[in-house]
2 protein chains.
Amino acid sequence: MAKILPDRSQKILEAIIEEYIATAQPVGSKSLTRNHGIKLSPASVRNVMAELEELGYLVSPHTSAGRIPTEKGYRFYVDTLLQVNDLNSLQKDQIESQYRQHGLQMSDMLREASRTLSTISRYTGLVMVPRLKVTIFRHIEFVRLSPRQILAVFVTQSGLVQNKLVEIDEELTSRDLEQITNYLNHTMTGLSIQEVRARIVTEMTQEKALYDHLLRRAFALSSAALVDESTGDIIIEGTSYFLEQPEFSDLKCMKRIVQTFEQKSILIDLLDRGLDAVGVQVIIGSETKYSELADCSLITAAYSGKRGTLGTLGIIGPNRMPYSTIIPIVEYTASLISNLLDTDND
Amino acid sequence: MAKILPDRSQKILEAIIEEYIATAQPVGSKSLTRNHGIKLSPASVRNVMAELEELGYLVSPHTSAGRIPTEKGYRFYVDTLLQVNDLNSLQKDQIESQYRQHGLQMSDMLREASRTLSTISRYTGLVMVPRLKVTIFRHIEFVRLSPRQILAVFVTQSGLVQNKLVEIDEELTSRDLEQITNYLNHTMTGLSIQEVRARIVTEMTQEKALYDHLLRRAFALSSAALVDESTGDIIIEGTSYFLEQPEFSDLKCMKRIVQTFEQKSILIDLLDRGLDAVGVQVIIGSETKYSELADCSLITAAYSGKRGTLGTLGIIGPNRMPYSTIIPIVEYTASLISNLLDTDND
DNA sequence: TTTGGCACTCTGCGTAAAGGAGTGCTAAGG
DNA sequence: CCTTAGCACTCCTTTACGCAGAGTGCCAAA
C-alpha cells in the first residue's frame, strides 16, 4: 500500500504541499523551481508532478492550473514527510502563561485551553469536557428543589462541577437526604464513577440494603444521579477563524460547517475517537466519515488526570493546514493540561 | 422631533419597509403599486418617496435603484407603524412543547430557550444567565480541593448551580467547613444574594463575630464566595443563521460580527440594557453604540422569577428583520420562562 | 393634486477579446 | 537514459463593451 516514493518525488510532493498550505493557490512547476531550492527544470518537475497525480497524491483543478494535494497527499505528508518542529520556549511560555491566572477552576481551565488553542493556531479550538464516567468522585450533594425533584450536585476530584436533576417517586426528608449524602461522601470519595456505580450495585444486593429502607433509597437516588446519560459536551472557540479561510468563501458550504459546529454531536464523536489513542491524532477530510466535514481536518490529542485519560482536545480547520506548527501546539497543550490536572489538587 | 407624517406617507413607508424586509431588494415605485394595494400611480408614489428620503426615512443606494429604509425608517416603523400580531395557539404550542421534557433544570431551560428562539425565528437566539446578585440563596456547599483551595458550590432557588474557587489564607478543617456550611444554609436560605451579603456585613461587625474566630472565618469565606465578579454570561444559539442573510455576504463584515458574538461582552452589555425595561425592547443598528453591530438589531425582553427580574433574552439579526413576527416570539418566550421559573419549584 | 410621458442614469449580465499561467509532448543535449 | 528547452494548446481571469431593465426626476396636462 504505502509504496515508497523515490526520494526526489517526495521532496517535490513536500514542496508542493507546503507551498499550497502557505498560499492556497494551485502550485505550478515554475513557481516551485523558483522558491523551493529545487535544482531541476520546470519540465522535469512537471514529469514528476504528472506521476504524483497518477498515483493520486495530487490533482489539478483544470487542465492549465497547477496542482493541489489530495487527501491521500496530505495523509502521506502527515505520515511520512512531516517533521514536527518542537515549540521554542517562547511559544511554550506564551501558551503556559494563559493558565497562570489565579482562581482558575477546572471548567475555566478547559475553556481557556480551547481559547488558547484557537488564538495561537488561528483555527478553531475544541476541548471535550470529561465524561462523568471517567471522573473521580470527590463530593456529592443533594438539594431538594421541590418535594419530588432533587438536584444532585457532584464535584469531581479535579474540581469539575456537574449536576443533574433527579425525579423521585417517594418524598425524602431533609434528614434522609443528609444521611444519604454523608454515607456517599464517606464511602465513595476517591473512587472513579465506574467504581462507585459498581459498588452501589453490589451493595444494593447485599442483605443490609434489603432491610434498610433508607439505604435502599439512597442507592436508588445515587445511581440515578450518577447515570451518565449525557452525550458529552465540548467547548468550541474561534469559529470565526473559519471565515478567513479562502476555501470556505462559499457561504453555502460555510453555513453547513458552522451548523455542524453548533450541533456539536459530530465533533463530539470525532473527539471521542482520540480518547484511546496515544499522541497526536490527525483526521483528514473524508476520514471523518461526515460529508459536512469533507474539507476539514482535525488535530487532536488526549489529556489525562491522575487516573487515566479524561478527554481530548484539539483544533479543527481546513485540510490545508500548517500541520507542522499546529501539531506541537496541540501536543503541548494536552500535556500542559494533563500536568495541571495531575498536580493541581492533592 | 417625531413629526407626524401624513397618513398616506405612512402607508407608503410601511409598505416599502415590509417589502424590503421580505425581499432584501431596494423597493421601486412601480413594484409598490403592483403588490401593495396602493391606489396611486407610480409617479405619485415617487413624489412621496422623494419626500420620505428628504426626511431621512429612506435612502437609495444609487440614482436609479429603489429605496431602502434607514435606521430612522426602521425606528419609526417599530415605534408607530408596526402592529404586532399575537401568536396563534399553534405557534405558542410549538414554542411551549420544547420545555415539556422532564428533568429539565434551569441551565438546560435557558439553553433550550436560546435554541428555540433561534429555530423559530431563524435568527440568532440570546439568553442571559441570571447574575449571581439577583438570584436567591438556596444552598451552599464548600468542597476542599486542596488545603488552601475551596470550591464554593452554590445553588439558587430556581436550581441554577454556580461555583467559584476561593483561595484561603488559613487552613480550614472539614469540621470547620461543615459548621460554616450548616450555619449559612440555615440562616440564609430564601434571601437574595444581595440580602445575604448585607447580612454578612452587619453580622461581621457584631460583637459575637469579633470574638468567635470560626464565625469570622465563615463570614470571610462566604463573602469571598458570593462576590459577583463575573461579567455575566450568555447563551448564544444559531449563529449560522447569520450566514444566510444577504446583507452579510461580505466575509469581512461577517467575520467581525461572529467575532463580536464569540467575545460575548458586547452582547452582554446590550442584554443588560433590557434588564430594567418592561416589555419588548428593540435596539436598531447604531443604537447599539457598537460599530461592529451597526447593521444588526436586537429584540429583547426581560424574564423574571418569583422575586423580580432575573435576566433578559432575545434575538439578534440584521436591521432588516420581520419585527412583527419576531417581537411576539420574544415576548412569549420571556413570559413562558418567567412562568416556568415562578411555578417550578415551590 | 395627481398622473402620464419622457429623458436620463445606473446596475447587471452576457459576450468577446486579450492576457497569463500552466500543461503535455517532442526533440535535442549531457 | 535522464534532463531540459521549445512550442502549441488549454483554460481561467480580467477587461471592455453593449444592451436590456428598472427606477428616477421633472414637466406638462388633466
Side-chain angles (χ1 to χ4, degrees), chain A residues 5-13 15-20 22-70 73 246-247 249-251, chain B residues 5-13 15-70 73 246-247 249-250:
Chain A
L5 288 174
D7 206 51
R8 194 181 63 171
S9 302
Q10 290 199 9
K11 281 251 163 50
I12 289 176
L13 179 56
I16 291 171
I17 292 179
E18 280 169 5
E19 177 75 10
Y20 183 68
T23 65
Q25 299 293 327
V27 182
S29 53
K30 210 165 187 175
S31 68
L32 254 200
T33 54
R34 268 202 305 271
N35 308 322
H36 282 269
I38 286 172
K39 297 204 179 8
L40 286 170
S41 70
S44 307
V45 173
R46 277 205 290 280
N47 287 331
V48 177
M49 283 165 96
E51 193 187 330
L52 288 169
E53 180 162 7
E54 190 76 19
L55 293 168
Y57 295 107
L58 298 175
V59 277
S60 48
H62 54 83
T63 344
S64 73
R67 304 300 210 295
I68 64 177
T70 60
E247 40 264 84
S249 58
D250 175 37
L251 282 176
Chain B
L5 288 174
D7 206 51
R8 195 182 61 172
S9 304
Q10 291 199 9
K11 283 250 163 53
I12 289 177
L13 179 57
I16 292 172
I17 292 179
E18 281 169 4
E19 178 75 9
Y20 183 68
I21 285 172
T23 64
Q25 299 294 325
V27 182
S29 54
K30 211 167 189 175
S31 68
L32 253 200
T33 54
R34 267 203 306 271
N35 309 323
H36 282 269
I38 286 173
K39 296 202 179 9
L40 286 170
S41 70
S44 307
V45 173
R46 278 205 289 280
N47 286 331
V48 177
M49 283 165 96
E51 194 186 328
L52 288 169
E53 180 162 7
E54 189 77 19
L55 292 169
Y57 296 108
L58 299 175
V59 277
S60 48
H62 55 84
T63 343
S64 73
R67 304 300 211 294
I68 64 177
T70 60
E247 40 264 84
S249 58
D250 175 38

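Just so it is clear: chains get the letters A, B, ... in the order the sequence lines come, proteins before strands, and each one is counted from 1. This one's a predicted model, so the numbers in the text were calculated from it and none came from an experiment.
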Please list each protein N or O that sits under 3.5 Å from an N or O in nucleotides 28-30 of chain D, with the distance.
none

Study note, to complete from the structure: side-chain contact (heavy atoms from CB on, under 4.5 Å) filter on B:T23, not counting sequence neighbours, yields B:E19, B:Q25
Exercise for review: Just jot down the side-chain contact (heavy atoms from CB on, under 4.5 Å) partners of B:L40, sequence neighbours excluded, or say none.
Suggested key: B:R8, B:I12, B:I38, B:S44, B:V45
Point to revise | Pairwise side-chain contact, A:L58 with A:I68, heavy-atom cut-off 4.5 Å (strictly under) | key: no
Review point. Can you list every pair that meets salt bridge (Lys or Arg N to Asp or Glu O under 4.0 Å) and has a residue in residues 56-70 of chain B, with sequence neighbours left out?
Key: B:E53-B:R67
Study note, to complete from the structure: To the nearest angstrom, the CE-P distance between B:M49 and D:dA22 comes to 15 Å
Check your understanding: Of all residues at least two apart in sequence or in a different chain, which pass the side chain to side chain donor-acceptor pair (under 3.5 Å) check with A:Q10?
Key -> none
Review point. How would you label the contact of B:A43 with the nucleic acid (heavy atoms, under 4.0 Å): base, sugar-phosphate, or nothing?
Key: base
Exercise for review: Quickly work out the A:N47 CG to D:dA5 P distance and round it to whole Å.
Suggested key: 13 Å
**Study point:** B/S/- contact track for nucleotides 11-19 of chain D, protein heavy atom under 4.0 Å
**Key:** BS-------
Review point. A:E51 has an atom CD; how far is it from atom P of D:dT3, in whole Å?
Key: 11 Å
Practice item. Write down the distance between NZ (B:K30) and C1' (D:dG25), rounded to a whole number of angstrom. Key: 15 Å
**Study point:** Nearest-nucleotide 5' precedence on DNA chain C, A:R46 against B:R8
**Key:** B:R8
Check your understanding: Do the non-hydrogen side-chain atoms of B:S249 and A:L251 ever get within less than 4.5 Å of each other?
Key -> yes
**Study point:** Range on DNA chain C touched by chain B, heavy atoms, distance below 4.0 Å
**Key:** C:dT2 to C:dT11
Point to revise | Qualifying residues under salt bridge (charged side-chain N to carboxylate O under 4.0 Å, His left out), relative to B:E247, sequence neighbours excluded | key: B:R320
Review point. Should B:R67 be listed as having a side-chain N or O under 4.0 Å from OP1 or OP2 of D:dT24?
Key: yes
Practice item. Check every strand shown and say whether A:S29 touches a base, only sugar-phosphate, or nothing at a heavy-atom separation below 4.0 Å. Key: sugar-phosphate
Check your understanding: For the residue pair A:M49 and A:V27, what are the closest heavy atoms and their distance?
Key -> CE-O, 3.3 Å
Check your understanding: If you take all heavy atoms of A:P61 and A:G66, which pair is closest and at what distance?
Key -> CD-O, 3.3 Å
Exercise for review: Could I get the full list of side-chain contact (heavy atoms from CB on, under 4.5 Å) partners for A:D250, not counting sequence neighbours?
Suggested key: A:K252, A:C253
Point to revise | Residues forming a side-chain contact (heavy atoms from CB on, under 4.5 Å) with A:S9, sequence neighbours excluded | key: A:L5, A:P6, A:V48, A:E51, A:L52
